[in-house]
Amino acid sequence: MISVAQASAEILKLAPVLGSETLSLSEAQSRTLAQPLAAKLNQPPWDQSAMDGYAVRRADLAPGKRFAVIGEALAGQRYAGAVSPDQAVRIFTGAPVPQGADWVVIQENAERKGDFVSFHDDALKGKSNIRKQGSAFADGDILLEAGTRLTPRALALAAAMNHATVTVTHKPRVAILSTGDELVRPGDTPGPDQIIASNAVGLAAQIAQWGGTPVDLGLVPDQDDAIRDALTGAQDCDILITIGGVSVGDYDRVRPVLDALGVTQSFWKIAMKPGKPLMAGRWGDRAVLGLPGNPVSALVTAHLYLQPLIKQALGQTDVMPATATAPLGAELKANGARQDYLRACFDEDGALVPLPVQDSAQLTGLARADGLIIRPPDAPAAHHGDQVRFHPL
Ligand code: AMP
Ligand code: MG
(Lines give C-alpha, C1' and ligand atoms only; values in the text may rest on other atoms or scores of the structure.)
(Ligands and ions follow the chains in the order given, each with its own letter.)
Protein backbone atom coordinates (compact mmCIF):
# COMPACT_ATOMS: atom_id res chain seq x y z
CA MET A 1 0.00 0.00 0.00
CA ILE A 2 1.28 3.47 -0.81
CA SER A 3 0.40 6.76 0.86
CA VAL A 4 -2.07 9.29 -0.52
CA ALA A 5 0.81 11.68 -1.25
CA GLN A 6 2.74 9.00 -3.19
CA ALA A 7 -0.39 8.01 -5.11
CA SER A 8 -1.07 11.65 -6.03
CA ALA A 9 2.48 12.07 -7.33
CA GLU A 10 2.35 8.81 -9.33
CA ILE A 11 -1.00 9.73 -10.88
CA LEU A 12 0.34 13.00 -12.29
CA LYS A 13 3.10 11.09 -14.11
CA LEU A 14 0.40 9.15 -16.00
CA ALA A 15 -1.22 12.28 -17.51
CA PRO A 16 -1.65 11.82 -21.29
CA VAL A 17 -0.30 14.44 -23.69
CA LEU A 18 -3.12 16.29 -25.47
CA GLY A 19 -3.04 18.35 -28.66
CA SER A 20 -4.61 21.78 -29.05
CA GLU A 21 -7.23 23.49 -31.22
CA THR A 22 -8.23 27.07 -31.97
CA LEU A 23 -11.78 28.07 -31.03
CA SER A 24 -13.88 31.22 -31.13
CA LEU A 25 -14.40 32.81 -27.71
CA SER A 26 -18.04 31.70 -27.71
CA GLU A 27 -16.91 28.06 -27.97
CA ALA A 28 -14.09 28.30 -25.44
CA GLN A 29 -15.99 28.49 -22.14
CA SER A 30 -14.28 26.37 -19.43
CA ARG A 31 -11.52 25.25 -21.79
CA THR A 32 -7.83 25.56 -20.89
CA LEU A 33 -5.45 27.93 -22.69
CA ALA A 34 -2.67 26.05 -24.49
CA GLN A 35 -0.58 29.18 -25.07
CA PRO A 36 -0.06 32.44 -23.18
CA LEU A 37 -2.31 35.25 -24.40
CA ALA A 38 -0.81 38.71 -24.99
CA ALA A 39 -2.82 41.93 -25.31
CA LYS A 40 -3.08 43.19 -28.88
CA LEU A 41 -3.60 46.83 -27.90
CA ASN A 42 -3.36 49.35 -25.07
CA GLN A 43 -6.28 49.56 -22.67
CA PRO A 44 -7.56 52.20 -22.65
CA PRO A 45 -6.26 52.98 -26.13
CA TRP A 46 -6.01 56.71 -25.23
CA ASP A 47 -6.50 58.84 -22.11
CA GLN A 48 -10.17 58.28 -21.36
CA SER A 49 -12.74 60.04 -19.22
CA ALA A 50 -14.07 57.89 -16.36
CA MET A 51 -17.00 60.27 -15.69
CA ASP A 52 -19.57 62.60 -17.26
CA GLY A 53 -18.40 66.21 -16.79
CA TYR A 54 -16.03 68.83 -18.23
CA ALA A 55 -12.47 68.40 -19.44
CA VAL A 56 -10.17 71.27 -18.43
CA ARG A 57 -6.57 72.08 -17.55
CA ARG A 58 -5.96 71.36 -13.89
CA ALA A 59 -3.67 74.36 -13.45
CA ASP A 60 -6.42 76.59 -14.82
CA LEU A 61 -8.98 75.82 -12.12
CA ALA A 62 -9.75 78.59 -9.65
CA PRO A 63 -12.75 79.22 -7.39
CA GLY A 64 -15.59 81.03 -9.17
CA LYS A 65 -13.80 81.17 -12.53
CA ARG A 66 -15.84 80.94 -15.77
CA PHE A 67 -14.82 78.69 -18.68
CA ALA A 68 -16.07 78.81 -22.28
CA VAL A 69 -17.55 75.46 -23.35
CA ILE A 70 -16.01 74.92 -26.80
CA GLY A 71 -17.41 71.52 -27.77
CA GLU A 72 -18.28 67.94 -26.84
CA ALA A 73 -16.34 64.69 -26.51
CA LEU A 74 -18.43 61.50 -26.67
CA ALA A 75 -17.59 57.82 -26.32
CA GLY A 76 -16.86 56.96 -29.95
CA GLN A 77 -16.36 60.56 -31.12
CA ARG A 78 -13.50 62.63 -29.81
CA TYR A 79 -13.33 66.44 -29.73
CA ALA A 80 -10.92 67.19 -32.54
CA GLY A 81 -9.41 70.42 -31.16
CA ALA A 82 -7.35 71.27 -28.10
CA VAL A 83 -8.38 72.83 -24.79
CA SER A 84 -6.72 76.20 -24.11
CA PRO A 85 -6.74 78.14 -20.83
CA ASP A 86 -10.22 79.41 -19.86
CA GLN A 87 -11.83 76.69 -21.99
CA ALA A 88 -13.69 73.48 -21.16
CA VAL A 89 -15.00 70.59 -23.27
CA ARG A 90 -18.23 68.86 -22.29
CA ILE A 91 -17.18 65.21 -21.93
CA PHE A 92 -18.93 61.89 -21.31
CA THR A 93 -17.82 58.58 -19.80
CA GLY A 94 -15.60 56.62 -22.17
CA ALA A 95 -14.71 59.58 -24.39
CA PRO A 96 -11.09 60.35 -25.33
CA VAL A 97 -9.78 63.30 -23.28
CA PRO A 98 -9.10 66.23 -25.64
CA GLN A 99 -5.58 67.52 -26.17
CA GLY A 100 -4.46 70.00 -23.54
CA ALA A 101 -6.91 68.78 -20.88
CA ASP A 102 -5.62 66.82 -17.88
CA TRP A 103 -8.62 66.96 -15.53
CA VAL A 104 -12.31 66.04 -15.72
CA VAL A 105 -14.63 67.89 -13.33
CA ILE A 106 -17.68 65.71 -12.67
CA GLN A 107 -20.93 67.36 -13.74
CA GLU A 108 -22.23 67.28 -10.14
CA ASN A 109 -19.52 69.89 -9.39
CA ALA A 110 -20.33 72.08 -12.42
CA GLU A 111 -22.67 75.06 -12.88
CA ARG A 112 -23.57 75.39 -16.57
CA LYS A 113 -24.96 78.70 -17.93
CA GLY A 114 -25.40 78.73 -21.71
CA ASP A 115 -21.98 78.38 -23.32
CA PHE A 116 -20.13 78.89 -20.04
CA VAL A 117 -19.44 76.72 -17.03
CA SER A 118 -18.00 77.35 -13.58
CA PHE A 119 -17.08 74.83 -10.92
CA HIS A 120 -17.62 74.28 -7.20
CA ASP A 121 -14.55 74.33 -4.96
CA ASP A 122 -14.80 70.51 -4.75
CA ALA A 123 -13.69 70.37 -8.41
CA LEU A 124 -10.11 70.98 -7.29
CA LYS A 125 -10.13 68.09 -4.89
CA GLY A 126 -9.84 64.40 -5.52
CA LYS A 127 -8.56 62.78 -8.65
CA SER A 128 -8.44 63.58 -12.33
CA ASN A 129 -11.22 61.14 -13.37
CA ILE A 130 -8.99 60.23 -16.32
CA ARG A 131 -7.89 56.69 -17.07
CA LYS A 132 -4.44 57.01 -18.60
CA GLN A 133 -3.66 55.28 -21.89
CA GLY A 134 -2.47 51.70 -21.20
CA SER A 135 -3.21 51.95 -17.48
CA ALA A 136 -5.28 48.72 -17.46
CA PHE A 137 -2.84 46.88 -19.74
CA ALA A 138 -0.37 47.64 -22.49
CA ASP A 139 0.01 46.17 -25.98
CA GLY A 140 2.03 42.93 -25.63
CA ASP A 141 1.29 42.35 -21.93
CA ILE A 142 0.65 38.66 -21.20
CA LEU A 143 -2.49 38.69 -19.09
CA LEU A 144 -3.61 35.06 -19.36
CA GLU A 145 -0.99 32.36 -18.93
CA ALA A 146 -0.99 28.96 -20.61
CA GLY A 147 -2.94 26.61 -18.36
CA THR A 148 -5.60 29.18 -17.44
CA ARG A 149 -9.11 27.78 -17.34
CA LEU A 150 -11.32 30.12 -19.35
CA THR A 151 -13.99 31.33 -16.96
CA PRO A 152 -16.55 33.87 -18.21
CA ARG A 153 -14.34 36.60 -16.68
CA ALA A 154 -11.20 35.33 -18.40
CA LEU A 155 -13.11 35.19 -21.71
CA ALA A 156 -14.21 38.81 -21.27
CA LEU A 157 -10.60 39.79 -20.65
CA ALA A 158 -9.45 37.87 -23.76
CA ALA A 159 -12.07 39.79 -25.76
CA ALA A 160 -10.91 43.12 -24.28
CA MET A 161 -7.37 42.17 -25.35
CA ASN A 162 -8.83 41.99 -28.89
CA HIS A 163 -8.69 38.23 -29.39
CA ALA A 164 -11.56 36.66 -31.33
CA THR A 165 -10.13 33.15 -30.98
CA VAL A 166 -8.01 31.26 -28.46
CA THR A 167 -5.88 28.12 -28.67
CA VAL A 168 -6.95 25.58 -26.07
CA THR A 169 -5.95 22.01 -25.21
CA HIS A 170 -8.13 19.20 -26.53
CA LYS A 171 -10.59 17.81 -24.03
CA PRO A 172 -9.36 14.41 -22.84
CA ARG A 173 -11.73 11.59 -23.75
CA VAL A 174 -12.37 9.57 -20.61
CA ALA A 175 -13.84 6.09 -21.10
CA ILE A 176 -15.84 4.61 -18.22
CA LEU A 177 -16.49 0.88 -17.96
CA SER A 178 -18.74 -0.41 -15.16
CA THR A 179 -18.11 -4.03 -14.18
CA GLY A 180 -20.22 -6.37 -12.08
CA ASP A 181 -22.69 -9.23 -12.66
CA GLU A 182 -25.13 -7.49 -10.35
CA LEU A 183 -25.45 -4.19 -12.22
CA VAL A 184 -28.43 -2.82 -14.15
CA ARG A 185 -28.90 0.65 -15.63
CA PRO A 186 -30.79 3.38 -13.75
CA GLY A 187 -34.47 3.09 -14.68
CA ASP A 188 -34.31 -0.65 -15.38
CA THR A 189 -36.11 -3.15 -13.15
CA PRO A 190 -33.47 -4.91 -11.08
CA GLY A 191 -33.83 -8.70 -11.03
CA PRO A 192 -33.30 -10.66 -7.83
CA ASP A 193 -29.81 -9.94 -6.46
CA GLN A 194 -29.27 -6.98 -8.79
CA ILE A 195 -28.48 -3.34 -7.97
CA ILE A 196 -28.53 -0.09 -9.89
CA ALA A 197 -25.23 1.04 -11.41
CA SER A 198 -24.93 4.60 -10.16
CA ASN A 199 -21.20 5.30 -10.40
CA ALA A 200 -20.87 5.96 -14.11
CA VAL A 201 -23.56 8.65 -13.89
CA GLY A 202 -21.74 10.56 -11.16
CA LEU A 203 -18.34 10.07 -12.75
CA ALA A 204 -19.46 11.25 -16.19
CA ALA A 205 -20.83 14.46 -14.66
CA GLN A 206 -17.62 15.02 -12.68
CA ILE A 207 -15.47 14.39 -15.76
CA ALA A 208 -17.43 16.95 -17.75
CA GLN A 209 -17.08 19.45 -14.89
CA TRP A 210 -13.31 18.95 -14.75
CA GLY A 211 -12.94 19.51 -18.49
CA GLY A 212 -13.01 16.01 -20.01
CA THR A 213 -15.42 14.28 -22.38
CA PRO A 214 -16.95 11.21 -20.75
CA VAL A 215 -17.44 8.14 -22.96
CA ASP A 216 -19.68 5.56 -21.29
CA LEU A 217 -18.69 2.03 -22.34
CA GLY A 218 -21.65 0.58 -20.45
CA LEU A 219 -21.97 -2.34 -18.05
CA VAL A 220 -20.21 -5.70 -18.32
CA PRO A 221 -20.40 -8.84 -16.16
CA ASP A 222 -17.40 -10.09 -14.18
CA GLN A 223 -16.10 -12.13 -17.11
CA ASP A 224 -12.71 -11.72 -18.76
CA ASP A 225 -14.01 -11.89 -22.34
CA ALA A 226 -16.76 -9.37 -21.73
CA ILE A 227 -14.40 -6.93 -20.02
CA ARG A 228 -11.77 -7.32 -22.74
CA ASP A 229 -14.27 -6.86 -25.59
CA ALA A 230 -15.73 -3.75 -23.98
CA LEU A 231 -12.27 -2.24 -23.59
CA THR A 232 -11.75 -2.15 -27.36
CA GLY A 233 -14.12 0.83 -27.15
CA ALA A 234 -11.52 2.65 -25.04
CA GLN A 235 -8.80 2.62 -27.67
CA ASP A 236 -9.44 6.16 -28.92
CA CYS A 237 -9.60 7.51 -25.37
CA ASP A 238 -6.95 9.34 -23.38
CA ILE A 239 -7.95 7.99 -19.98
CA LEU A 240 -9.67 4.71 -19.12
CA ILE A 241 -11.68 4.37 -15.92
CA THR A 242 -12.92 0.98 -14.82
CA ILE A 243 -15.36 0.68 -11.93
CA GLY A 244 -15.46 -2.31 -9.62
CA GLY A 245 -13.76 -5.69 -9.79
CA VAL A 246 -10.38 -4.34 -8.76
CA SER A 247 -10.21 -5.76 -5.24
CA VAL A 248 -9.05 -9.19 -4.06
CA GLY A 249 -12.24 -11.27 -4.50
CA ASP A 250 -12.42 -14.31 -6.79
CA TYR A 251 -14.67 -12.38 -9.20
CA ASP A 252 -12.52 -9.24 -9.32
CA ARG A 253 -11.41 -9.73 -12.93
CA VAL A 254 -10.36 -6.23 -13.95
CA ARG A 255 -6.67 -6.39 -13.06
CA PRO A 256 -5.99 -9.73 -14.78
CA VAL A 257 -7.72 -8.50 -17.96
CA LEU A 258 -5.86 -5.18 -17.94
CA ASP A 259 -2.64 -7.07 -17.36
CA ALA A 260 -3.32 -9.37 -20.34
CA LEU A 261 -4.02 -6.29 -22.51
CA GLY A 262 -0.59 -4.91 -21.68
CA VAL A 263 -1.49 -2.30 -19.05
CA THR A 264 1.54 -1.63 -16.88
CA GLN A 265 0.51 -1.12 -13.30
CA SER A 266 1.85 1.98 -11.58
CA PHE A 267 0.39 1.09 -8.17
CA TRP A 268 -2.46 -0.80 -6.56
CA LYS A 269 -3.93 -0.04 -3.12
CA ILE A 270 -3.64 3.24 -1.26
CA ALA A 271 -3.56 3.68 2.51
CA MET A 272 -6.85 5.54 2.57
CA LYS A 273 -10.48 5.07 3.52
CA PRO A 274 -12.68 4.93 1.51
CA GLY A 275 -10.96 3.84 -1.70
CA LYS A 276 -8.16 1.49 -0.70
CA PRO A 277 -8.24 -0.90 -3.72
CA LEU A 278 -7.63 1.80 -6.37
CA MET A 279 -5.32 0.70 -9.17
CA ALA A 280 -3.46 3.00 -11.56
CA GLY A 281 -1.42 2.26 -14.65
CA ARG A 282 -0.53 3.08 -18.21
CA TRP A 283 -1.89 1.50 -21.40
CA GLY A 284 0.22 2.81 -24.28
CA ASP A 285 -0.28 6.59 -24.14
CA ARG A 286 -3.41 6.22 -22.03
CA ALA A 287 -3.74 6.53 -18.28
CA VAL A 288 -5.79 3.83 -16.56
CA LEU A 289 -7.57 4.12 -13.23
CA GLY A 290 -9.30 1.11 -11.75
CA LEU A 291 -11.75 2.55 -9.24
CA PRO A 292 -13.35 0.51 -6.48
CA GLY A 293 -17.05 -0.22 -7.01
CA ASN A 294 -18.45 1.12 -3.77
CA PRO A 295 -20.14 4.36 -4.79
CA VAL A 296 -18.53 6.59 -2.15
CA SER A 297 -15.11 5.05 -2.81
CA ALA A 298 -15.49 5.59 -6.56
CA LEU A 299 -16.56 9.23 -6.31
CA VAL A 300 -14.08 10.17 -3.56
CA THR A 301 -11.12 8.58 -5.34
CA ALA A 302 -12.19 10.26 -8.58
CA HIS A 303 -12.21 13.60 -6.75
CA LEU A 304 -8.73 12.96 -5.36
CA TYR A 305 -7.00 11.28 -8.34
CA LEU A 306 -9.02 11.58 -11.55
CA GLN A 307 -9.55 15.31 -11.10
CA PRO A 308 -5.81 16.15 -10.96
CA LEU A 309 -5.10 13.68 -13.76
CA ILE A 310 -7.55 15.46 -16.10
CA LYS A 311 -6.34 18.91 -15.08
CA GLN A 312 -2.70 17.91 -15.51
CA ALA A 313 -3.47 16.56 -18.99
CA LEU A 314 -5.19 19.86 -19.81
CA GLY A 315 -2.04 21.70 -18.76
CA GLN A 316 -3.67 23.55 -15.88
CA THR A 317 -1.37 24.95 -13.22
CA ASP A 318 -3.42 24.32 -10.09
CA VAL A 319 -4.35 20.67 -10.44
CA MET A 320 -4.67 19.31 -6.91
CA PRO A 321 -8.15 19.18 -5.34
CA ALA A 322 -8.78 22.30 -3.28
CA THR A 323 -8.52 22.16 0.51
CA ALA A 324 -9.66 24.56 3.21
CA THR A 325 -9.85 24.58 6.99
CA ALA A 326 -12.84 24.88 9.28
CA PRO A 327 -13.57 24.32 12.96
CA LEU A 328 -14.66 20.80 13.83
CA GLY A 329 -18.20 20.51 15.19
CA ALA A 330 -17.78 17.12 16.88
CA GLU A 331 -15.38 14.91 18.81
CA LEU A 332 -13.23 12.50 16.77
CA LYS A 333 -11.33 9.47 18.00
CA ALA A 334 -7.68 8.95 17.08
CA ASN A 335 -7.38 7.72 13.48
CA GLY A 336 -6.00 4.37 12.33
CA ALA A 337 -3.18 3.75 9.88
CA ARG A 338 -5.07 4.83 6.74
CA GLN A 339 -5.91 8.40 5.72
CA ASP A 340 -9.62 8.83 6.32
CA TYR A 341 -12.05 11.07 4.42
CA LEU A 342 -15.12 11.82 6.51
CA ARG A 343 -18.25 13.04 4.78
CA ALA A 344 -19.30 16.14 6.73
CA CYS A 345 -21.84 18.98 6.70
CA PHE A 346 -21.56 22.53 8.04
CA ASP A 347 -23.74 23.34 11.05
CA GLU A 348 -25.33 26.78 11.65
CA ASP A 349 -22.15 28.04 13.32
CA GLY A 350 -19.97 27.14 10.35
CA ALA A 351 -18.42 24.09 12.05
CA LEU A 352 -17.99 20.85 10.10
CA VAL A 353 -19.84 17.89 11.56
CA PRO A 354 -19.09 14.38 10.25
CA LEU A 355 -22.23 12.53 9.17
CA PRO A 356 -23.18 9.69 11.52
CA VAL A 357 -22.93 7.01 8.81
CA GLN A 358 -19.58 6.75 7.03
CA ASP A 359 -20.27 3.55 5.04
CA SER A 360 -18.51 3.61 1.66
CA ALA A 361 -21.62 2.16 0.01
CA GLN A 362 -23.91 5.01 1.16
CA LEU A 363 -24.41 7.74 -1.41
CA THR A 364 -27.07 9.46 0.71
CA GLY A 365 -24.53 11.19 2.93
CA LEU A 366 -22.05 11.96 0.16
CA ALA A 367 -24.78 13.59 -1.93
CA ARG A 368 -25.51 16.16 0.76
CA ALA A 369 -22.01 16.51 2.27
CA ASP A 370 -20.34 19.94 2.13
CA GLY A 371 -16.88 18.48 2.41
CA LEU A 372 -14.55 15.61 3.16
CA ILE A 373 -12.66 16.03 6.44
CA ILE A 374 -9.09 14.76 5.96
CA ARG A 375 -7.88 12.59 8.84
CA PRO A 376 -4.18 11.81 8.29
CA PRO A 377 -2.87 8.37 9.25
CA ASP A 378 -2.58 8.01 13.04
CA ALA A 379 -4.02 11.49 13.66
CA PRO A 380 -4.65 12.02 17.39
CA ALA A 381 -8.17 12.53 18.72
CA ALA A 382 -9.70 15.85 17.64
CA HIS A 383 -12.10 18.02 19.58
CA HIS A 384 -14.90 20.54 19.09
CA GLY A 385 -13.41 23.78 17.73
CA ASP A 386 -10.14 22.25 16.48
CA GLN A 387 -9.26 23.44 12.98
CA VAL A 388 -9.53 20.57 10.50
CA ARG A 389 -8.48 20.41 6.86
CA PHE A 390 -11.12 19.33 4.36
CA HIS A 391 -11.86 19.11 0.66
CA PRO A 392 -14.88 21.30 -0.16
CA LEU A 393 -17.38 19.45 -2.34
P1 AMP B 1 -16.38 -4.25 -6.20
O2 AMP B 1 -15.41 -3.11 -6.18
O3 AMP B 1 -16.63 -4.80 -7.55
O4 AMP B 1 -16.01 -5.28 -5.19
O5 AMP B 1 -17.78 -3.64 -5.73
C6 AMP B 1 -17.96 -3.16 -4.42
C7 AMP B 1 -19.40 -2.81 -4.18
O8 AMP B 1 -19.78 -1.76 -5.06
C9 AMP B 1 -20.36 -3.93 -4.48
O10 AMP B 1 -21.40 -3.89 -3.52
C11 AMP B 1 -20.91 -3.61 -5.84
O12 AMP B 1 -22.19 -4.13 -6.06
C13 AMP B 1 -20.91 -2.10 -5.83
N14 AMP B 1 -20.76 -1.55 -7.17
C15 AMP B 1 -19.88 -1.95 -8.10
N16 AMP B 1 -19.99 -1.24 -9.22
C17 AMP B 1 -20.96 -0.34 -8.99
C18 AMP B 1 -21.55 0.67 -9.77
N19 AMP B 1 -21.13 0.93 -11.02
N20 AMP B 1 -22.54 1.41 -9.22
C21 AMP B 1 -22.95 1.18 -7.96
N22 AMP B 1 -22.43 0.22 -7.18
C23 AMP B 1 -21.46 -0.54 -7.68
MG1 MG C 1 -17.68 -6.41 -8.28
Side-chain angles (χ1 to χ4, degrees), residues 1-2 7 174-209 212 214-231 233-234 237 239-261 263 265 267-281 288-307 338 340-341 343 357-369 372 393:
M1 262 199 291
I2 65 171
V174 184
I176 310 167
L177 180 66
S178 306
T179 71
D181 291 345
E182 73 281 28
L183 303 179
V184 296
R185 290 184 177 283
D188 282 358
T189 307
D193 311 329
Q194 289 192 305
I195 65 156
I196 309 299
S198 54
N199 289 340
V201 173
L203 284 171
Q206 282 185 317
I207 288 162
Q209 219 173 45
V215 179
D216 192 352
L217 300 181
L219 315 178
V220 288
D222 295 304
Q223 289 163 13
D224 292 23
D225 290 357
I227 298 171
R228 200 186 49 233
D229 291 351
L231 288 180
C237 287
I239 299 174
L240 165 64
I241 305 296
T242 62
I243 305 167
V246 77
S247 197
V248 293
D250 293 350
Y251 298 95
D252 289 333
R253 300 306 309 159
V254 168
R255 285 189 332 111
V257 172
L258 290 177
D259 192 47
L261 283 174
V263 172
Q265 186 174 297
F267 63 84
W268 178 41
K269 292 187 184 171
I270 309 171
M272 64 179 286
K273 201 170 77 179
K276 176 172 121 186
L278 185 138
M279 174 259 159
V288 180
L289 282 189
L291 304 186
N294 267 316
V296 176
S297 309
L299 295 182
V300 168
T301 51
H303 188 84
L304 296 179
Y305 304 109
L306 177 57
Q307 173 175 208
R338 286 194 274 156
D340 208 350
Y341 293 88
R343 281 70 81 199
V357 178
Q358 293 287 333
D359 184 337
S360 62
Q362 279 233 14
L363 273 179
T364 334
L366 183 65
R368 67 185 184 92
L372 299 169
L393 291 175

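Whatever order the structure lists ligands and atoms in, that order sets their numbers, starting from 1.
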Undergrad: Between Gln265 and Arg255, do the side chains contain an N or O donor and an N or O acceptor separated by less than 3.5 Å?
TA: yes
Undergrad: Please tabulate, one line per pair, the protein nitrogen or oxygen atoms found under 3.5 angstrom from a nitrogen or oxygen of ligand 1, with distances to 0.1 Å, or say none if there are no such pairs.
TA:
residue	atom	partner	partner atom	Å
ligand 1	2 (O)	Gly293	N	2.9
ligand 1	3 (O)	Gly245	N	2.8
ligand 1	8 (O)	Gly293	O	3.2
ligand 1	8 (O)	Asn294	N	3.1
ligand 1	12 (O)	Glu182	OE2	2.5
ligand 1	14 (N)	Gly293	O	3.2
ligand 1	20 (N)	Ser198	N	3.1
ligand 1	20 (N)	Asn199	N	3.4
ligand 1	20 (N)	Asn199	ND2	3.4

Undergrad: To the nearest 0.5 Å, tell me how far Leu219 CG sits from Thr179 OG1.
TA: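 Atom-to-atom, Leu219:CG and Thr179:OG1 are 9.5 Å apart.
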Undergrad: For residues Gln362 and Val296, report the shortest heavy-atom separation together with the two atoms involved.
TA: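 Looks like O-CG2, 3.1 Å.
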Undergrad: Restricting to salt bridge (charged side-chain N to carboxylate O under 4.0 Å, His left out), what partner residues turn up for Arg253, sequence neighbours left out?
TA: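 If we apply the salt bridge (charged side-chain N to carboxylate O under 4.0 Å, His left out) test to Arg253, skipping adjacent residues, the hits are Asp224.
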Undergrad: Taking distance alone, no hydrogens or angles, what donor-acceptor pairs closer than 3.5 Å link side-chain atoms of residues 186-202 to residues at least two apart or in another chain?
TA:
residue	atom	partner	partner atom	Å
Gln194	OE1	Gly191	N	2.8
Asn199	ND2	Gly293	O	2.7

Undergrad: Throw together a table of side-chain donor-acceptor distances under 3.5 angstrom for residues 239-250, partners on residues two or more places apart or in other chains.
TA:
none

